[in-house]
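Each chain gets a letter, A, B and so on, in the order its sequence line appears, and its residues count up from 1.
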Protein chains: 2
Amino acid sequence: MKIMNPDPAPVFFEKCAQHGLKITPQRKVIYQEVMKAKDHPTADAVYKRTRKILSNISFDTVYRTLLSFTEIGIINLVEGYGEQKRFEPDPAPHHHFRCIKCHTIFDFENDSYDHIPVPDEVRKYGNVTNKRVVLEGICSKCSKSK
Amino acid sequence: MKIMNPDPAPVFFEKCAQHGLKITPQRKVIYQEVMKAKDHPTADAVYKRTRKILSNISFDTVYRTLLSFTEIGIINLVEGYGEQKRFEPDPAPHHHFRCIKCHTIFDFENDSYDHIPVPDEVRKYGNVTNKRVVLEGICSKCSKSK
DNA sequence: TACTATATAGTAATAATTCCTATTTGTAAA
DNA sequence: TTTACAAATAGGAATTATTACTATATAGTA
C-alpha cells in the first residue's frame, strides 16, 4: 500500500506548535519538499516543486513560509543569504561571526582556524583556495534589544 | 605637504596587469575606498563614497569593478553573496565546499570541524549557536570546463 | 459550531542586479 | 610621440529577486 502524502516528521508539528505556527496543507507540502531536496533549492525552485502538488499555491506563501521555517529552525539558509553583496578589503585570512538577526558580520583572526586541515573527502569536490570559519548566533546588540 | 590621492598599493597595479585590467582613475578610487573601509560595504555604499571623489561615476562602473576586483582576488566578497536565498533541509551540523565560479555548494560532514573551540574573543560579539566551516575554491567541473 | 487571529492567493511595489549602447580612454605598437 | 583599437565608462533601461498589500479563506480554540 502506497502512501501518497504521509505526514511530516513529528518535529515539524512540535516546532510549529512551540512557535504558534498553524499547520496548513501548504506548510506541510513546503516542508516535505525541502526535506527531500538533495540540492540547496532557491525559493523559486521550492515553489515550482510545490505547485505540482498544490497547483495554485502562491510564490509569496512559499517564500514567507521558508523564512518562517528558517526562523523556527526546522530548515536552514545557506550562504549566500540573498542579501546585498558585501565586499571586504582584507585579503588576509580571517573568520566571521555573523548575527542571524541583523546580519552584521564581525571579523576576527585566529591562527588555529587558519590551519585546519582539509579533509581528503573534500578534495574530490575541487581545489580549496580559501578556508573560513563562520560562527553564527545573535549579536550582543540584538539580544539586548529583544 | 599633503598628498590628496596617493596611488594605491603596488599589489593593485601588479594584479591588474596580470589579469589585463586597465588602470583607470575610477578603478584606483574604487580600490582605495574599499581598502580603507572598516565595515563590509555594499556596492551601493562604495558607489556613494566614490561619488564624493569622482562626482559622476556610475553605479554600474562601481558594481562591475567590484566584481572584477573580486575575480582577480584583490578584494573579497563576504557571505551573503547576493545571490538568491538558498535553503537546505538538514539541520544536522555540516560544512560546505563552495565553488567560487558556479556557486554550487557541496555539503560534507566532519566531526572535528563540529568541535572546533570558539575563541574567547568571539564571545564579546555574541552567543554562538552554529559553527560552519566554509572551504572555497574551484570545483572540478569548473576547472575542467576552463 | 462559531469565533478570531493567522495564513493564503493574487498582485503590486520595491530593491538589487545585470544588460545595453554610444562615447571615451588606456595601452601597445608604429 | 602619435595612432589604432580593445576595453572601460556613463547613463539609463531591463530583468530578476524580494517584500508588501488586501480581500478572502482557514486552523485551532472556546
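No side-chain donor from either of H94(B) and N110(B) sits under 3.5 Å from a side-chain acceptor of the other. For the residue pair R27(A) and Y31(A), no side-chain donor N or O sits within less than 3.5 Å of a side-chain acceptor on the partner. With no hydrogens or angles considered, a side-chain donor-acceptor pair links H96(B) and D107(B) at under 3.5 Å. Side-chain contact, T61(B) with S58(B): a donor N or O sits under 3.5 Å from an acceptor N or O.
In this structure, D60(A) places its CG atom 10 Å from C1' of dT18(D), rounding to the nearest Å. Nucleotide dT8(C) holds its P atom 15 Å from the CZ atom of R51(A), rounded to whole Å. Atoms CZ (R86(B)) and P (dT16(D)) sit 16 Å apart, rounded to a whole Å. Rounded to a whole Å, the CG atom of L66(A) is 15 Å from the P atom of dA17(D). Rounded to an integer number of Å, the gap from CD1 of I53(B) to P of dT9(D) is 15 Å. When the P atom of dT16(D) is taken as reference, atom OH of Y47(A) falls 16 Å away, rounded to whole Å. In this structure, D44(B) atom CG and dT17(C) atom P are separated by 9 Å, rounded to whole Å. Going from atom CD1 of I57(B) over to atom C1' of dA8(D) covers 11 Å, rounded to whole Å.
For dA9(C), the OP1/OP2 oxygens have a side-chain nitrogen or oxygen of T61(A) closer than 4.0 Å. The phosphate of dA7(C) (OP1 or OP2) has no side-chain N or O of R64(A) nearer than 4.0 angstrom. The phosphate of dT19(D) (OP1 or OP2) has a side-chain N or O of Y63(A) nearer than 4.0 angstrom.
A heavy-atom distance below 4.0 Å to DNA chain D is reached by these residues of residues 18-28 of chain B, ordered by number: L21(B), K22(B), T24(B), Q26(B), R27(B).
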Quick one: side chains of residues 115-124 of chain B, donor-acceptor pairs under 3.5 Å with protein atoms, not counting sequence neighbours, listed by atom name and distance.
| unit_1 | atom_1 | unit_2 | atom_2 | d |
| --- | --- | --- | --- | --- |
| H115(B) | ND1 | D111(B) | O | 2.8 |
| D120(B) | OD1 | R123(B) | NH1 | 2.8 |

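Closest-nucleotide positions on DNA chain D for F59(A) and V62(B) were compared, and the one nearer the 5' end corresponds to V62(B).
Ion pair R51(B)/D44(B) not flagged as a salt bridge, since none of the NZ, NE, NH1 or NH2 atoms sits closer than 4.0 Å to an Asp/Glu carboxylate oxygen.
Using a 30° and 60° split on the angle between ring planes, Y113(B) and F108(B) fall in the perpendicular class, above 60°.
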